[in-house]
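Lettering of chains follows the sequences in order, A, B, ..., and the numbering in each one begins at 1. Model, not experiment: these values are computed from the prediction.
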Amino acid sequence: KNQVEQSPQSLIILEGKNCTLQCNYTVSPFSNLRWYKQDTGRGPVSLTIMTFSENTKSNGRYTATLDADTKQSSLHITASQLSDSASYICVVSANTGFQKLVFGTGTRLLVSP
Amino acid sequence: EAGVVQSPRYKIIEKKQPVAFWCNPISGHNTLYWYLQNLGQGPELLIRYENEEAVDDSQLPKDRFSAERLKGVDSTLKIQPAELGDSAVYLCASSFGKTGTDTQYFGPGTRLTVL
């Protein structure tokens, strides 16, 4: 069964600190993995996308890694800001001829001043 | 350029009443998706359109849910009659194509509360 599991479920960090969010997946056949940021009351916004051959992808203070062998990904946030408070959703796309997305339940991050 | 537009943003209805949600995708995007998102969960696909054709509606509860995208642009999702368990956020998304590398852009969602 195609599944995406994320940890931790929630996280509180102080402003300026770094944090790492984890994602494990069992989606097959694998197409790509995305990290989305979802602010409260808004729709998810894509942060990064990685295909099978990519190990790391950065977007400003966000750096995503992918280990396709162990089927694990992480999202590292550097020098956190209050605006980073949001849910971060790991989304894996299955290569079924069209884009079938499998969503994780997300990690809710709160950056505290 | 405007993003995906959804309306209304919030809707409160009593159970057994009908409700409809509207979505206008990003201009030029051929693929449109409706998702359901429960609190603390990731979105779950309800239906996917390629132009005006519903190509994946396997997760749509067809006894009470219906959707249309008549001209291949904007779309409407309807629930009739609504049940208490339908309370959730309904997200619309669009993408230019259907391949795995086409980014889906999400609207802000419609938060439905069924009393």
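Listed in order of number, the residues of residues 105-115 of chain B that approach chain A to under 4.5 Å between heavy atoms are Phe106(B), Gly107(B), Pro108(B). Applying a 4.5 Å heavy-atom cutoff, none of the residues of residues 16-24 of chain B approach chain A. For a heavy-atom cut-off of 4.5 Å, chain B lies close to Phe103(A), Gly104(A), Thr105(A) in residues 103-113 of chain A.
For Glu5(A), there are no salt bridge (charged side-chain N to carboxylate O under 4.0 Å, His left out) partners at least two apart in sequence or on another chain.
No other option in Ser10(A), Gly41(A), Ser46(A) has as many heavy-atom pairs under 4.5 Å with chain B as Gly41(A).
Note on Leu32(B) and Phe96(B): separate hydrophobic clusters, where clusters join Ile, Leu, Val, Met, Phe, Trp and Tyr whose side-chain heavy atoms are under 4.5 Å apart, directly or indirectly. Cluster membership for Leu77(B) and Leu36(B), using ILVMFWY side-chain heavy atoms within less than 4.5 angstrom, is shared. Neither Val102(A) nor Ile89(A) shares a network with the other; the hydrophobic side chains, linked directly or stepwise wherever heavy atoms of I, L, V, M, F, W or Y lie under 4.5 Å apart, form separate groups for each. Cluster annotation: Leu60(B) is not connected to Tyr35(B) through the hydrophobic network of ILVMFWY side chains, with a link wherever side-chain heavy atoms come within less than 4.5 Å. Each of Val4(A) and Tyr36(A) belongs to its own hydrophobic cluster when Ile, Leu, Val, Met, Phe, Trp and Tyr are linked at side-chain heavy-atom distances under 4.5 angstrom.
Annotation for Leu91(B) and Pro44(A): closest pair CD1-CD, 4.0 Å, computed over non-hydrogen atoms. Contact between Thr103(B) and Arg34(A) at its shortest, heavy atoms only, is OG1-NH1, 3.0 Å.
Atom NZ of Lys62(B) is surrounded by more than 12 heavy atoms from other residues, nucleotides or ligands within 6.0 Å. Other residues, nucleotides and ligands contribute only 12 or fewer heavy atoms inside 6.0 Å of the CD atom of Gln59(B). Counting heavy-atom neighbours within 6.0 Å of Leu82(A) CG, excluding the residue itself, gives a total above 12.
At a threshold of 4.5 Å between non-hydrogen side-chain atoms, the residues Val91(A) and Pro43(B) do not count as touching.
Atom CD of Gln38(A) and atom CD of Gln37(B) lie 4.0 Å apart (nearest 0.5 Å).
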